[in-house]
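This report refers to the structure that appears directly beneath it.
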2 protein chains.
Amino acid sequence: MANSEREAISELTTGRLSVYLRCLTFLETQGQRTVSSHELAERFHLNSAQIRKDLACFGEFGTRGVGYDVSRLKSNLVETLGIDRTRNIVIVGAGNLGMALADYSGFNTNGFHIVALLDADPDKIGRSSRADIPVLPWERRAELVRRNRIEIGIIAVPAESAQAVYDALADAGIQAVLNFAPIQIKMRDHVKVKSVDLRINLESLSFHLKNREDGVIV
Amino acid sequence: MANSEREAISELTTGRLSVYLRCLTFLETQGQRTVSSHELAERFHLNSAQIRKDLACFGEFGTRGVGYDVSRLKSNLVETLGIDRTRNIVIVGAGNLGMALADYSGFNTNGFHIVALLDADPDKIGRSSRADIPVLPWERRAELVRRNRIEIGIIAVPAESAQAVYDALADAGIQAVLNFAPIQIKMRDHVKVKSVDLRINLESLSFHLKNREDGVIV
DNA sequence: GCATGTGAATGGATTCACAGCT
DNA sequence: AGCTGTGAATCCATTCACATGC
């Protein structure tokens with residue numbers, strides 16, 4: 001079937017591609033050359049049919065009777081996910097969360113590069129994160145995005161300002177946004193948002209604890 | 001139908017309960033007394049049938065012909081989610097992410113309280129976050145959990161140590177874990193884990209950008 | 001009349017199971 | 001023999017549409 005023409009790939013599928021990529025990277029560091037969907041499934045608690053089906057959306061990467069070549073599949077996934085070149089990022093909001101994200105290792109390696117933080121608070125301008133990512137004035141966003149070919153914006157401001165920040169980033173030419181504010185962003189046609197709501201995860205754990213207390217089966 | 005006996009509530013449903021709670025809290029601050037599933041759906045981009053179905057799992061909270069009483073529904077949700085009393089939390093790993101999470105407002109209000117951070121690095125012990133949450137030695141985990149009735153652990157250590165930290169927390173009597181390390185934790189029967197993988201979200205945006213470049217429809 | 005609560009219908013995603021290749 | 005790639009079967013979630021009750 002392979003790819004091209006059609007879009008029909010769910011977010012669930014692409015999320016799993018990222019997981020597979022992690023697994024392969026690990027196997028590669030272990031020096032493993034080849035892996036079957038079955039072995040992947042066992043080692044990383046996945047489902048082998050699902051692995052095969054997910055991969056099959058993008059091409060025929062395996063060899064029947066053998067399995068997948070670890071390095072080759074890995075680079076196919078890197079390409080499929082579009083991280084075979086570096087994408088530049090700006091973080092809006094130089095509070096605790098923004099600063100921590102700026103130095104978060106997963107955000108500054110293998111295809112992503114955080115160029116700067118932006119903040120409207122004059123007291124924060126001119127500082128920088130521990131890893132030396134500078135805090136620049138919010139007003140300079142358009143210039144920054146243009147000059148540094150920034151494609152992704154991360155919103156780490158309070159909920160009240162999040163929508164306005166999104167709109168301003170979109171106007172500045174940002175193409176995709178990762179939102180940490182606990183609010184449903186009203187999306188424009190060409191600027192994709194993905195939201196991460198950290199508190200929801202805690203509440204879900206709390207729900208689980210509560211049910212255990214009440215003697216519900218699981 | 002209501003609740004009791006059976007468990008059958010999906011995580012998707014409980015996640016939405018959290019969302020509804022946010023919406024209701026907002027409406028309450030706006031002074032609104034009553035709301036219909038239809039209005040909720042319109043204002044917050046949800047689906048009204050789904051709202052009704054989700055709520056119906058836990059009781060009959062509405063009044064036909066009228067809708068839901070905002071405050072009453074809100075406190076029903078608070079109770080359903082088990083955040084009508086405070087649950088204590090410890091964060092393991094006093095690096096950038098751990099420190100930021102310790103001060104993250106969503107984690108220290110309305111049902112959650114972060115007691116301390118734990119770290120194995122002697123240089124970090126004795127410090128505290130900006131909001132004054134102390135960093136204690138990893139060895140004191142069991143005592144800390146017992147003395148402070150800590151129910152939830154947050155893992156903010158590198159991937160290599162995450163599984164060991166999970167196991168140690170479980171041994172110390174922790175009941176639920178929120179994991180930020182990019183690894184699939186092997187779960188024990190009685191200690192629930194929820195994992196948040198921040199990088200996956202970026203990769204998903206990258207995938208989207210890549211497809212746009214390649215001219216795929218969306 | 002109006003909005004809830006819910007069975008029935010639809011739509012997706014996951015899993016099964018096997019044909020086909022190496 | 002072994003493992004991929006995939007149609008068919010199953011499972012789960014969402015949406016529809018209406019009977020029920022205020």
Side-chain angles (χ1 to χ4, degrees), chain A residues 1-4 6-20 23-24 27 32-70 72-74 76-77 80 184 204 218, chain B residues 1-4 6-20 23-24 27 32-70 72-74 76-77 80 184 204 218:
Chain A
M1 185 153 288
N3 69 340
S4 58
R6 307 284 277 92
E7 168 88 347
I9 313 296
S10 87
E11 300 243 320
L12 293 171
T13 302
T14 68
R16 285 190 300 264
L17 293 186
S18 295
V19 173
Y20 304 153
C23 299
L24 292 163
L27 291 178
Q32 189 164 336
R33 311 299 295 273
T34 229
V35 70
S36 70
S37 61
H38 206 74
E39 187 190 349
L40 268 176
E42 287 236 315
R43 291 190 61 164
F44 302 101
H45 320 105
L46 308 165
N47 174 298
S48 64
Q50 188 160 64
I51 294 172
R52 294 198 300 278
K53 200 146 239 188
D54 286 340
L55 297 177
C57 296
F58 302 97
E60 309 208 348
F61 300 135
T63 314
R64 289 161 200 236
V66 179
Y68 302 91
D69 179 288
V70 173
R72 201 167 70 83
L73 181 54
K74 187 187 156 198
N76 279 317
L77 287 181
T80 299
Q184 170 84 4
S204 153
V218 162
Chain B
M1 185 153 289
N3 70 340
S4 59
R6 307 284 277 93
E7 167 87 346
I9 313 297
S10 86
E11 299 243 320
L12 293 170
T13 302
T14 68
R16 284 190 300 263
L17 294 187
S18 294
V19 172
Y20 304 152
C23 299
L24 291 164
L27 291 178
Q32 189 164 336
R33 310 299 296 270
T34 230
V35 69
S36 70
S37 61
H38 206 74
E39 187 191 350
L40 268 176
E42 288 235 315
R43 292 189 61 163
F44 302 100
H45 321 102
L46 308 165
N47 174 298
S48 64
Q50 187 159 66
I51 294 172
R52 294 198 299 279
K53 200 147 241 190
D54 286 340
L55 296 178
C57 297
F58 302 97
E60 308 209 347
F61 300 135
T63 313
R64 289 164 200 234
V66 180
Y68 302 90
D69 179 288
V70 173
R72 204 167 68 82
L73 181 55
K74 187 187 156 199
N76 279 318
L77 288 180
T80 300
Q184 170 83 6
S204 153
V218 162

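If you're wondering where the values come from, they're calculated on a predicted model, not measured in any experiment. Order of the sequence lines fixes the chain letters, A, B, ..., with proteins taken first and strands second; residue numbering starts at 1 for each chain.
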Taking for each residue the nucleotide of DNA chain D bearing the nearest heavy atom, is the 5' side occupied by B:Val66 or by A:Gly62?
->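 On the 5' side of the pair lies A:Gly62.
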With [X] via salt bridge (Lys or Arg N to Asp or Glu O under 4.0 Å) - residues at least two apart:
| X | value |
| --- | --- |
| B:Glu42 | none |
| A:Arg72 | none |
| A:Lys53 | none |
| B:Arg16 | B:Asp54 |

Starting from [atom2] on [N], measure out to [atom1] on [X] and report it in whole angstrom.
| X | N | atom1 | atom2 | answer |
| --- | --- | --- | --- | --- |
| A:Asp54 | C:dT15 | CG | C1' | 12 Å |
| B:Leu73 | C:dT4 | CG | C1' | 12 Å |
| A:Leu17 | C:dA13 | CG | C1' | 15 Å |
| A:Leu55 | D:dG5 | CG | P | 7 Å |
| B:Phe61 | C:dG5 | CZ | P | 9 Å |
| A:His45 | C:dT14 | NE2 | P | 18 Å |
| B:Ile9 | D:dT14 | CD1 | P | 13 Å |

Give a yes/no on whether any side-chain N or O of B:Tyr68 is located under 4.0 angstrom from OP1 or OP2 of C:dG5.
->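 Yes, B:Tyr68 has a side-chain N/O under 4.0 Å of OP1/OP2 on C:dG5.
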Check whether any side-chain nitrogen or oxygen of B:Asn47 sits under 4.0 Å from OP1 or OP2 of D:dT15, and answer yes or no.
->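 Checking B:Asn47 against D:dT15: at least one side-chain N or O falls below 4.0 Å of OP1 or OP2.
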Taking N or O atoms only and anything under 3.5 Å, show me the protein contacts with nucleotides 18-20 of chain D, one pair per line.
unit_1 : atom_1 : unit_2  : atom_2 : d
D:dT20 : O2     : B:Arg64 : NH1    : 2.5

Tell me, please, which residues at least two apart from B:Thr63 pass side-chain contact (heavy atoms from CB on, under 4.5 Å).
->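 Partners of B:Thr63 by the side-chain contact (heavy atoms from CB on, under 4.5 Å) criterion, ordered by chain and then number, come out as B:Val66.
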Non-neighbouring partners of B:Ser37 that pass side-chain contact (heavy atoms from CB on, under 4.5 Å), sequence neighbours left out |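 B:Ser37 satisfies side-chain contact (heavy atoms from CB on, under 4.5 Å) with B:Ser48, B:Ile51, B:Arg52, B:Tyr68 only.
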Taking only heavy atoms on the protein side, list every residue of residues 36-44 of chain B lying under 4.0 Å from any atom of DNA chain C, sorted numerically.
->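 Of all residues in residues 36-44 of chain B, the ones placing a heavy atom under 4.0 Å from DNA chain C are B:Ser36, B:Ser37.
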Partner residues of A:Thr14 under the side chain to side chain donor-acceptor pair (under 3.5 Å) criterion, sequence neighbours left out |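 Here no residue qualifies.
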Where do N or O atoms of nucleotides 8-13 of chain D meet protein N or O atoms at under 3.5 Å, pair by pair?
unit_1 : atom_1 : unit_2  : atom_2 : d
D:dA8  : N6     : A:Lys53 : NZ     : 3.2

Dot-bracket for DNA chain D, 5' to 3', Watson-Crick and G-U pairs with both distances under 3.5 Å, [ ] for crossing pairs, | for partner on another strand, reads ||||||||||||||||||||||
Is it true that atom NE2 of B:His45 has more than 12 heavy atoms of other residues, nucleotides or ligands lying nearer than 6.0 Å?
->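 Atom NE2 in B:His45 is crowded, with more than 12 foreign heavy atoms closer than 6.0 Å.
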Over all heavy atoms of both residues, which pair between A:Thr34 and A:Val70 is shortest? Give the atoms and the distance, please.
->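 For A:Thr34 versus A:Val70, the nearest heavy atoms are N-CG2, 3.6 Å.
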Hey, is the main chain of B:Ile9 close enough, under 3.5 Å, to the side chain of B:Thr13 for a donor-acceptor pair?
->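 Looks like no, no N/O pair under 3.5 Å.
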